[in-house]
Amino acid sequence: MIGMKSSKTAASLQSGKQKHAFLKEMKRNWPYYLMILPAASILFIFAYLPYPGLIVAFQDFNFVDKFKSPFVGLNNFKFYFTSTYALRTTFNTLFININYLFWTTLFSVSFAIMLNEVRTKLLKKIYQNAMFLPYFFSAVIIGKLVTDIVFSDQYGIANQVIKLFGGQPVIWSQTAEPWGWIIIGTHIWQVAGYNSIIYLAGITGIDEQLFEAAALDGATRWKQIKTILLPLLLPTIITMMLLSIGGMLRGDFGTIYSIVGDNGLLFKHTDVIDTYVFRAIKQAADFGPTAAVGLYQSVVGFILVFGSNYLVKKYNEDYALF
Amino acid sequence: MQKRSFGERAAHFLIHLILAIYAFICTYPFVLTFMVSLSSEKSVIDNGYQLIPEEFSLLAYKTIFEDSSIYYAYGVSIFVTTVGTLLSLLICGMAGYAMSLNRVRYRNAISMYFYIPMVFNAGLLPWYMVCTQLLHLQNTIMALILPMLVSSFNIFLMRNYFKTIPASLIESADIDGCGVMRTFFQVVLPLSKPIIATVALFVGLAYWNDWSLALWFIDERNLFPLQYMLFRIESMMEFIRKNGYIGGFEFPAQTYQIATLFVTIGPIILLYPLIQRYFVKGIMIGAVKG
């Protein structure tokens, strides 16, 4: 009894001490905390306030009762996962994102290595600036370029090229199959140049002496790239991949929606979870199932971030993000 | 310098060829867009898109600039980009600075607070409900600014840069009786120009290019930013045709779309030399510091 009592007082003393420390810290550094306050409160509104809204995922939401709508357990999840949309949108999302990741990495690392070999400064700059260009334009512009300039049914570049080789022009706006790959290609085209600059920065950071020593030992340039450059670039590659893996179940909504829009004929190969969610909110006002889908994306994303980081950490501690 | 072997020269030729082709692929659509926007409607209909059009015409641009929509859209985009970028830099810069100082005891807990939403967010629907039900952002200009104001990533980027500023500089400013804000504006910011320029470009570009916020929240025509106007071009054309198109010509539907595309691209092309310089620098900073 007595022991318990004394430990209680110790605890309250401790918390009193902590409180004291807190007040002392505030008294000493209040201007700095005040500087953090605006960012912290805006983040609170747009990132923390939505968290309780996740409750909608378990409710049959209506606008009269709002968050006091009746609970329906896991029905919303059932609704999504048993619909034809679940399989299609999940498949398309993963298909597009995995291809994004793989091809973008392959292209940008290759371009970085090639750019590093270019010795003429002016040419290097011209290539870089040209390859960089598409990165700076909005998803809408990219979307319009793709649909109106390249893959327009009547006048587009694609059909001009097809006709040049004697083929039959394609009515792109009604042919679903190629669009998954068109979206993937568009993304590579937009970001490969930009990412290659990041990798190029990584390459520039490698000690030049390593290459010189290898050259003295008679290693060809190709061998130097394989045995020195690539292994030393690996941490950068892994970091870039880890950064994008959490978004595996999110779509590149901006690009995809600006390319496809509401053209239902193409959904079979282009509808991703985010475009489905957008339509469910804006057009169908289907709130319960939509929140469920959002929760599914976030939880899977969270698991992917920590899971992949854990695996990388097991392989080599230095490569992990945290 | 050693003489290059035949194989090496062939490899170099191949590298130049590949890079040149890819550089061409990256720029050609933009060049073509520009040329088509200068064609007459008739030559597009007769010959499709041509790099050198049969007949030049400025009718598409005339049609665009005759209608007031474009001025509103430019106004909205410029306002959102300037106000958004300045506010965002100020708010995130201050937070990043305070979090970079060792004397601030709870900085790690606060970093955690900024980090959590980066790995777990509530999804689109709860966010949309906060914006519409709680803040009533629909059809306000703030809808285009507020949701993008705070970026944890940029805060961390700036914090990491501020950490490299010698603590002694800040302490001596303190001893001289320089206030916290004055130290920040007059000592810290001038020493951090590269990171400020880079983040300003990232944020400015994000605001200028954003259209999804308008897609979620804006129905009022006069509040459309440039990008969203381009996205809604078909309905825009419908609107202009019905309400006071006074060209006295056939409405140049094809070239009008393409010209609007170029009008939206224009400012970025003009600023490109500046943009790319700071971007390359910024990426280097990020790659070294990150």
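In what follows, chains carry the letters A, B, and so on, assigned in the order in which the sequence lines appear, proteins first and then strands, with residues in each chain numbered from 1.
- Interface summary for chain B: among A:Pro38, A:Pro134, A:Gly294, A:Pro52, the most heavy-atom pairs under 4.5 angstrom belong to A:Pro134.
- Ring geometry for B:Trp211 against A:Tyr257 counts as parallel: the plane angle stays under 30°, on a 0 to 90° scale with 60° as the upper cut.
- The choice from B:Leu149, B:Ile25, B:Asp210 that makes the most heavy-atom pairs within less than 4.5 Å of chain A is B:Ile25.
- For A:Tyr199, no part lies near chain B; criterion is any non-hydrogen pair under 4.5 Å.
- Contact annotation for A:Ile126: neither backbone nor side-chain heavy atoms come within less than 4.5 Å of a heavy atom of chain B.
- Within the 4.5 angstrom heavy-atom criterion, atoms from both the backbone and the side chain of A:Ile149 approach chain B.
- Applying the salt bridge (charged side-chain N to carboxylate O under 4.0 Å, His left out) test to pairs two or more places apart or on separate chains, those with a residue in residues 126-145 of chain A are A:Lys144-B:Glu234.
- Per-residue heavy-atom pair counts under 4.5 Å with chain A were compared for B:Ile155, B:Val119, B:Ile233, and the maximum is reached by B:Val119.
- For a residue to count as touching a neighbouring chain, one of its non-hydrogen atoms must lie under 4.5 Å from one of that chain's; by this rule A:Leu49 touches chain B with backbone and side chain alike.
- Contacts with chain B were tallied for A:Gln160, A:Gln128, A:Gln190; A:Gln160 has the most, counting heavy-atom pairs under 4.5 Å.
- Contact annotation for B:Tyr97: only side-chain heavy atoms (C-beta onward) come within less than 4.5 Å of a heavy atom of chain A.
- Shown here are the salt bridge (charged side-chain N to carboxylate O under 4.0 Å, His left out) partners of A:Asp262, two or more places apart in sequence or in another chain: there are none.
- Put simply, of A:Leu123, A:Leu115, A:Asn159, A:Asp274, the one with the most heavy-atom pairs under 4.5 Å next to chain B is A:Leu115.
- The candidate from A:Glu25, A:Arg250, A:Arg28, A:Arg221 with the greatest count of non-hydrogen atom pairs under 4.5 Å with chain B is A:Glu25.
- Heavy atoms of B:Ile110 lying under 4.5 Å from chain A belong exclusively to its side chain.
- Both the backbone and the side chain of A:Ala40 come within less than 4.5 Å of a heavy atom in chain B.
- A side-chain donor-acceptor contact under 3.5 Å links B:Asn209 to the backbone of A:Phe136.
- Between B:Trp216 and A:Phe278, the ring-plane angle classifies as perpendicular under the 30° and 60° cut-offs.
- Interface remark: of the candidates A:Pro50, A:Gly53, A:Ala130, A:Pro50 forms the most heavy-atom pairs closer than 4.5 Å to chain B.
- The part of B:Phe184 that comes within reach of chain A is its side chain, from C-beta onward, which places non-hydrogen atoms under 4.5 angstrom from that chain.
- Across B:Thr27, B:Ile15, B:Leu14, the residue that shares the most heavy-atom pairs under 4.5 angstrom with chain A is B:Ile15.
- Contacts of B:Phe262 with chain A are absent, with no heavy-atom separation under 4.5 Å from either backbone or side chain.
- Contacts between residues 296-304 of chain A and chain B, defined by a heavy-atom separation under 4.5 Å, are made by A:Ser298, A:Val299, A:Phe302.
- Taking A:Phe287, A:Phe22, A:Trp222, A:Phe44 one by one and counting their heavy-atom pairs under 4.5 Å with chain B, the maximum is reached by A:Phe287.
- Contact annotation for B:Leu135: only side-chain heavy atoms (C-beta onward) come within less than 4.5 Å of a heavy atom of chain A.
- The distance from atom CG of A:Leu37 to atom CD1 of B:Ile91, rounded to the nearest 0.5 Å, is 10.5 Å.
- Note: B:His16 and A:Tyr127 have tilted aromatic rings, judged against thresholds of 30 and 60 degrees for the angle between ring planes.
- Shown here are the ring-ring contact (aromatic ring centres under 6.0 Å, His included) partners of A:Tyr276, two or more places apart in sequence or in another chain: A:Tyr80, A:Tyr85.
- Residue B:Val36 does not touch chain A at all, counting heavy-atom pairs closer than 4.5 Å.
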